[in-house]
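Written below as structure tokens is the structure these notes are about.
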Amino acid sequence: GTMAVSNALGSNVFNILVGLGLPWFIQTVVVARGAAPLETDGSSIFRVVIVLTGSLFAFVLALAVLRFRIGHGFGRCLVIAYLLWVIG
């Protein structure tokens with residue numbers, strides 16, 4: 001139970017902090033000065049951050065309501081949500 005909670009929380013935090021921050025860090029530190037700046041569409045990144053942050057808060061809220069225990073029913077809901085995410 002505890003490891004599953006840690007994994008679910010840690011993966012979202014890792015995605016937000018490292019998955020978004022590392023490319024900019026590499027671009028600004030490793031790439032030589034005078035190189036073309038890293039261009040990106042800000043609206044797509046904003047959407048991803050909102051979805052990841054929202055899912056993290058929803059998960060923590062659900063855990064708080066369930067007293068930080070993941071039962072079979074909640075586990076099934078998480079699997080279904082994951083499948084919907086992959087399909088969509």
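These numbers were taken from a predicted model, which means no experiment stands behind them. Computed from heavy atoms alone, side chains included, the values below leave out hydrogens, waters and symmetry copies.
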Pairwise side-chain contact, Y82 with V86, heavy-atom cut-off 4.5 Å (strictly under):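 Sidechains of V86 and Y82: in contact.
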message: Among residues at least two apart in sequence or on other chains, which ones pass side-chain contact (heavy atoms from CB on, under 4.5 Å) with L22?
response: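 Applying side-chain contact (heavy atoms from CB on, under 4.5 Å) to L22 gives V18, F25, I26.
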Solution key, residues 54-63 side-chain donor-acceptor pairs under 3.5 Å, sequence neighbours excluded:
| from | atom 1 | to | atom 2 | distance (Å) |
| --- | --- | --- | --- | --- |
| S55 | OG | V51 | O | 3.3 |
| S55 | OG | L52 | O | 2.9 |

field: Hydrophobic cluster (4.5 angstrom, side-chain heavy atoms) - remaining members for L84
entry: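 Its cluster partners, ordered by chain and number, are I80.
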